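Reading through the structure tokens given below for one structure.
Note that the coordinates shown come from a computational prediction; the quantities given were computed from them, not determined experimentally. Just follow the structure's listing: the first ligand is 1, and inside any ligand the first atom is 1. Computation of the quantities below employed the complete heavy-atom set of this structure, encompassing side-chain atoms and omitting hydrogens, waters and symmetry-equivalent molecules. Throughout, numbering of the chain's residues begins at 1 and tracks the sequence.
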Amino acid sequence: MKRRIALELLLAAPLAYSQDAKVGTSATVPAISTPEGPADYVCPMDLDIRSAKPGVCPRCGMKLVLGIPDRSEYPMELSTRPRVFHPGEKVELAFRILDPKSGQPVQRFEIVHERLFHMFIVSQDLQYFVHDHPALGSDNVFRFDAILPKGGIYRILGDFYPFGATPQLIAKTLIVPLRRGEPVELGPAKLQPSLGSCHAENMDVELITEPPEPISGQKTLLFFKLKPATGLEKYLGAWGHMLAASDDLIDMIHTHPFIADGGQQEQFNLIFPRARTYRVWVQFQRQGVVNTAAFNIPVRELK
Ligand SMILES: [Zn+2]
Ligand SMILES: [Zn+2]
């Protein structure tokens, strides 16, 4: 009974988000603590996953750690080379992660979902989306060669896990100069609701949400039906990946399925932090091909 109350408290807790730093993590499932002992081991990504024994998180596959890990935020510096660049030109993005205590670059990272650093790039209009993996250099800097298609504001999300800390999700803003005559986009992206079915690379992805009209601050279940459901494979160690971004680029949430088994349906649970329209990208791998499907989900205030 007590555990259930604790779980409900967790479910009611809003996701962390802020203007330029923290972004949300996934929602919750029942803890796996055993009745005979305290749940001392915890998943550093899904802090509601506890166990009395060492092991891996049943949700995200990460190794459980003993005790609650240090939750400090690690600053991420983003620089570009060249410093000034234009749309359509190759630019190197460099990410340097600093230890908040010493101010020195972090030298050791944990692998999460088969990579040391996951990067997402989204454009201000939320039409451009990249999920890729900058490479770690011997100087402890992660680098990635990007070509950004047009001028304007981009949000760049770094997802990494410094050794001995907790997984970090840090968002940065990058401004690309406009081409001559390119219109200035002001204000939030204009997203028309798009739910239902989305054709991706080699499959169709259908989305049904529960409730049908998601409410901010409350849990939404997102059911994705994959067609055809043959040949599905894990991608980066998970059956699916999701990035949700609010139309004003403030909230960015990277999460993984709550329930998935390689079959035709995957369930993600999400708490949309605010009443905005969210663009949600989901990635599934089928027959060696990574599929990216996108949906626009209006979220309303609780009446
Ligand atoms: Zn990744
Ligand atoms: Zn992922």
Leu236 vs His131 side-chain heavy atoms within contact, under 4.5 Å: yes
Pair Phe224 and Phe268, ring centroids less than 6.0 Å apart: yes
Polar protein atoms near the Zn ion (ligand 2) [N, O or S; cut-off under 2.8 Å]: His241 ND1, His254 NE2, His256 NE2
Phe142 and Phe160 aromatic centres sub-6.0 Å: no
Pair up each side-chain donor or acceptor in residues 194-204 with any protein partner under 3.5 Å, not counting sequence neighbours, and list the distances.
{"unit_1": "Ser194", "atom_1": "OG", "unit_2": "Asn296", "atom_2": "N", "d": "3.2"}
{"unit_1": "His199", "atom_1": "ND1", "unit_2": "Asp204", "atom_2": "OD1", "d": "2.6"}
{"unit_1": "Glu201", "atom_1": "OE1", "unit_2": "Thr292", "atom_2": "N", "d": "2.9"}
{"unit_1": "Asn202", "atom_1": "OD1", "unit_2": "Asn291", "atom_2": "ND2", "d": "2.8"}
{"unit_1": "Asn202", "atom_1": "ND2", "unit_2": "Arg286", "atom_2": "O", "d": "3.0"}

Pair Thr173, Arg155: side-chain N/O donor-acceptor within cut-off below 3.5 Å: yes
Ion pair check, Asp251 and Arg276, cut-off under 4.0 Å: no
